[in-house]
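Okay, so here's the structure we're looking at.
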Amino acid sequence: MGGVSGAANTADRPERVPKQDRSRATRQRLLEAAVACLAEHGWAGSTVSVVAERAGVSRGAAQHHFPTREDLFTAAVEYVAEERSLALRALFPDGAATGDRRAVVAALVDLYTGPLFRAALHLWVAASNEEQLRARVTELEARVGRESHRTAVDLLGADETRPGARETVQGLLDMARGLGLANLLTDDRARRERVVDQWTRLLAAELG
């Protein structure tokens, strides 16, 4: 009888989440909250305490995962950049046929018109004025830039042995970044659509 009762009580207890999984979930909440805070409040308004509160964790828990403010925000931008890159590739799992290039161009442009780009921009501005942040952000941007370029090459089916192909893809990404800057102040969607159309035609001519 006692054994049955014990088994029932055990079944009624909520299942415990493994410590490692809880730690991973806390880290992810902090990263997502950091990007959101940076996009909304800029560097000056995005303290570790503000991020921790938004993520629903203590400041101590935040500092356990990220000992410094610089650790937190560079990791956050890199994390979301990686997530967006994975999401972009998932939209086109088999790459892009020639007829789908406009969709790829539009998706690449979208990467530079959302909260991630806004957050990264605040981080760049802060890094230009803060020596301890500059080297880390420069290294981060180099990694993110290389990955963005590789993703674009793969999705567009670009052959970089073809003269001018590499520069054309990089020009597309530079153009997308410029559209992202323009979008910070005004909704430039109509002009952006026309630019996407034109770049799709240029890619067809340059990439074959």
- Item | Within-4.5 Å side-chain heavy-atom neighbours: L121 and L181 | yes

d(E167 CD, L172 CG) to nearest 0.5 Å is 13.5 Å

Salt bridge check, R143 against E147: does any charged N sit closer than 4.0 Å to a carboxylate O? no

Interatomic distance, OG1@T68 vs CZ@R136, rounded to 0.5 Å, equals 5.0 Å

Query - Side-chain donor/acceptor of R69 to backbone N/O of S46, under 3.5 Å - result: yes

Original post:
Could R177 and D174 be called an ion pair, given the rule that one side-chain N must be under 4.0 Å from one carboxylate O?
Top reply: yes

Quiz item: Any side-chain heavy-atom pair from R146 and H149 closer than 4.5 angstrom?
Solution: no

**Message:** Whether E193 and R102 form a salt bridge (side-chain N of Lys/Arg under 4.0 Å from carboxylate O of Asp/Glu) is what I want to check.
**Reply:** yes

Any side-chain heavy-atom pair from E131 and R134 closer than 4.5 angstrom?
yes

**Prompt:** Hey, does W43 have a side-chain heavy atom less than 4.5 Å from the side chain of E130?
**Reply:** yes

Open item on the list: Quick one: does any side-chain atom of R162 pair with a main-chain N or O of L207 as donor and acceptor, under 3.5 Å?
Closed with: yes

For H122 and L38, the nearest pair of non-hydrogen atoms, with its separation, is CD2-O, 2.9 Å

Would you say the side-chain atoms of R101 pair up with the backbone N or O of L156, donor to acceptor, closer than 3.5 Å?
yes

Check: Are the side chains of L202 and T168 in touch, meaning some heavy atoms are under 4.5 Å apart?
Finding: no

Residues T74 and L133: closest non-hydrogen pair is CG2-CD1, 4.2 Å

**Q.** S49 side chain to E53 side chain, donor-acceptor N/O pair below 3.5 angstrom
**A.** no

In this structure, CZ of R27 is separated from NE2 of H64 (nearest 0.5 Å) by 10.5 Å

Correct closest heavy-atom pair for A34 and V51 would be N-CG1, 3.7 Å

For T151 and S85, the nearest pair of non-hydrogen atoms, with its separation, is OG1-OG, 3.3 Å

- [ ] Find out whether V109 and M175 are in side-chain contact, i.e. whether some heavy atom of one side chain is under 4.5 Å from a heavy atom of the other.
- [x] yes

In short, L140 meets L123 closest at the heavy-atom pair CD2-CD2, 4.2 Å

Q. Hey, does F73 have a side-chain heavy atom less than 4.5 Å from the side chain of V137?
A. no

**Asked** Is the shortest heavy-atom distance from the side chain of H65 to the side chain of S23 under 4.5 Å?
**Response** yes

N/O donor-acceptor pair under 3.5 Å between R29 side chain and A55 backbone: yes

Scanning both residues in full, the closest heavy-atom pair of F92 with A107 reads CE1-CB, 4.1 Å

